[in-house]
Peer 1: 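If you scroll down you'll find the structure; I have some questions about it.
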Amino acid sequence: MCGRFTLTRNLDAIADTFGTGIAPGLSDHEPRYNIAPTEEAPVVIAAPGGRRAGPMRWGLVPAWAKDVRIGARLINARSETVGTRNAFRESFLARRCLVPADGFYEWEARHAEGPGGKPRVRKQPYWIHRPGAGLFAMAGIWALWSSGPDSRLATFSVLTRDAPDPIRWLHDRVPVILPEDGWTDWLARGTPPEALGDILGSADPPELQLHPVSRAVNRAGYDAPDCIREATPG
DNA sequence: CCAGACGTTGTT
DNA sequence: GTCTGG
DNA sequence: CCAGACGTTGTT
DNA sequence: GTCTGG
């Protein structure tokens, strides 16, 4: 499921929606139409002076990891089990975050014929977003990893849940999207684990729309407005 | 006890 | 670091 | 998530 | 087919 997402709004809009200050590393954020695993994105956490948005790498690297490469496999965490998994539990209990987004992608495998009648699969991407393409908060967890005495890397993972009916035909999992009234408790250090489960379990997904887009988005590293432009599939 | 994994998705 | 499997 | 690689030796 | 990188 959530293997790509968009964040086309500028920093002012993010700061405004999430009530954050901006960490130094974010001052140059440009609209993003194709954020892929291992890339950096702005993430909101609770800080002493209030919420703060700072850059983190997508794909959680636990503190005990010997190698950053584990992060490429830890881009999603199932909300149903995130509290019990070795790789996620500590982050779930102590380091939760909001991942600002205004859309994400899912793919439909279309079976077609290639040259010589050979079967091949065309992967048709769909952009999924709120009506009006407003910002929303994906539930996330994060970790700090040290590769040496002076180098620290902040990484995050996006929580998932069963897809709601309007999306299910396309995909059975979606990111957990937290309503604004759950943000503070989700981010707070002191929220008890039971309450966290309630927040995740009661998070009704917002109304979502989807439409097919150019297969240009399939290529990680291609990041331009036509990633979200409506395309005729097939 | 030690060694090795630590995760999700989708597809059939 | 902590859990699971052998 | 998708796309692209998947490997080593030795030579320049 | 499966793993890695983005």
Side-chain angles (χ1 to χ4, degrees), chain A residues 1-7 30 32-41 55-95 99 101-112 114 118-129 138-147 152-153 155-164 167-177 193 200 208 210 212-224 226-228 231 233:
Chain A
M1 71 105 316
C2 194
R4 304 285 180 88
F5 66 96
T6 61
L7 183 56
E30 295 292 324
R32 298 294 308 278
Y33 299 91
N34 192 7
I35 298 171
T38 73
E39 295 178 350
E40 229 173 49
M56 295 192 195
R57 185 190 198 258
W58 187 9
L60 191 122
V61 181
W64 42 258
K66 295 189 188 76
D67 199 301
V68 282
R69 289 177 299 184
I70 193 175
R73 297 195 303 279
L74 304 180
I75 65 171
N76 292 140
R78 296 177 65 91
S79 58
E80 300 90 336
T81 55
V82 63
T84 67
R85 294 282 183 260
N86 281 343
F88 297 140
R89 188 182 51 242
E90 191 195 347
S91 288
F92 174 69
L93 292 175
R95 285 179 299 280
V99 183
D102 50 26
F104 57 94
Y105 296 100
E106 303 287 5
W107 279 260
E108 176 186 27
R110 296 175 167 231
H111 300 278
K118 290 171 195 132
R120 67 187 237 267
V121 177
R122 275 171 86 96
K123 296 190 174 180
Q124 174 61 52
Y126 288 74
W127 188 49
I128 303 173
H129 56 90
M138 301 191 289
I141 56 177
W142 63 284
L144 263 186
W145 182 74
S146 298
S147 55
R152 294 168 106 198
L153 179 69
T155 61
F156 71 97
S157 194
V158 175
L159 273 59
T160 66
R161 51 164 291 165
D162 278 334
I167 308 292
R168 272 196 88 77
W169 66 272
L170 180 59
H171 236 55
D172 64 348
R173 304 289 292 177
V174 293
V176 176
I177 297 176
L200 293 174
L208 293 170
L210 57 82
V213 292
S214 164
R215 285 184 298 122
V217 74
N218 290 12
R219 183 182 294 272
Y222 183 83
D223 191 342
D226 57 305
C227 286
I228 63 172

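Here is how names work: the chains are called A, B, and so on, in the same order as the sequence lines, proteins then strands, and each is numbered from 1.
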Peer 1: Please state whether the rings of A:Phe5 and A:Trp58 are parallel, tilted or perpendicular, taking 30° and 60° as the class boundaries.
Peer 2: perpendicular
Peer 1: Which part of the nucleic acid, if any, lies within contact of A:Ala87, taking any heavy atom under 4.0 Å across all strands shown: a base, the sugar-phosphate backbone alone, or nothing?
Peer 2: sugar-phosphate
Peer 1: Does the side chain of A:Arg219 get closer than 4.0 angstrom to OP1 or OP2 of D:dG4 through an N or O atom?
Peer 2: yes
Peer 1: Classify the nucleic acid contact of A:Leu60 as base, sugar-phosphate or nothing, counting any heavy atom under 4.0 Å across all strands shown.
Peer 2: nothing
Peer 1: Any side-chain N or O of A:Arg73 less than 4.0 Å from the OP1 or OP2 oxygen of E:dC3?
Peer 2: no
Peer 1: Answer yes or no as to whether B:dC6 has its base stacked against A:Trp64, where stacking requires a ring-centre separation under 5.5 angstrom and planes under 30 degrees apart.
Peer 2: yes
Peer 1: Between E:dG6, B:dT8, E:dG5, which nucleotide has the shortest distance from any of its atoms to the side chain of A:Arg69?
Peer 2: E:dG5
Peer 1: If pairing requires Watson-Crick or G-U wobble contacts with both distances under 3.5 Å, which nucleotide is the partner of E:dG6?
Peer 2: D:dC1
Peer 1: Tell me what A:Ala109 touches on the nucleic acid: a base, only sugar-phosphate, or nothing, going by heavy atoms under 4.0 Å.
Peer 2: sugar-phosphate
Peer 1: Can you find a side chain N or O atom of A:Arg85 that sits less than 4.0 Å from OP1 or OP2 on B:dC6?
Peer 2: no
Peer 1: How close do A:Asp102 and A:His129 get, heavy atom to heavy atom, and via which atoms?
Peer 2: O-CB, 3.5 Å
Peer 1: Can you find a side chain N or O atom of A:Asn218 that sits less than 4.0 Å from OP1 or OP2 on D:dA3?
Peer 2: yes
Peer 1: Whole-Å distance between B:dG7 P and A:Phe156 CZ?
Peer 2: 18 Å
Peer 1: Looking for any heavy atom pair under 4.0 Å, which part of the strands does A:Phe5 touch: base, sugar-phosphate only, or nothing?
Peer 2: nothing
Peer 1: Determine which nucleotide pairs with B:dT8, using a 3.5 Å limit on both distances of a Watson-Crick or G-U wobble pair.
Peer 2: none
Peer 1: Would you tell me if any nitrogen or oxygen in the side chain of A:Ser157 comes within less than 4.0 Å of OP1 or OP2 on B:dG7?
Peer 2: no
Peer 1: Does D:dC1 have OP1 or OP2 under 4.0 Å away from a side-chain N or O of A:Arg173?
Peer 2: no
Peer 1: Name the nucleic acid region contacted by A:Thr81, choosing base, sugar-phosphate or nothing; use a 4.0 angstrom heavy-atom cut-off, strictly under.
Peer 2: sugar-phosphate
Peer 1: If we count only N and O atoms by modelled type, under 3.5 Å, do the side chains of A:Trp127 and A:Thr6 hold a donor and an acceptor together?
Peer 2: yes
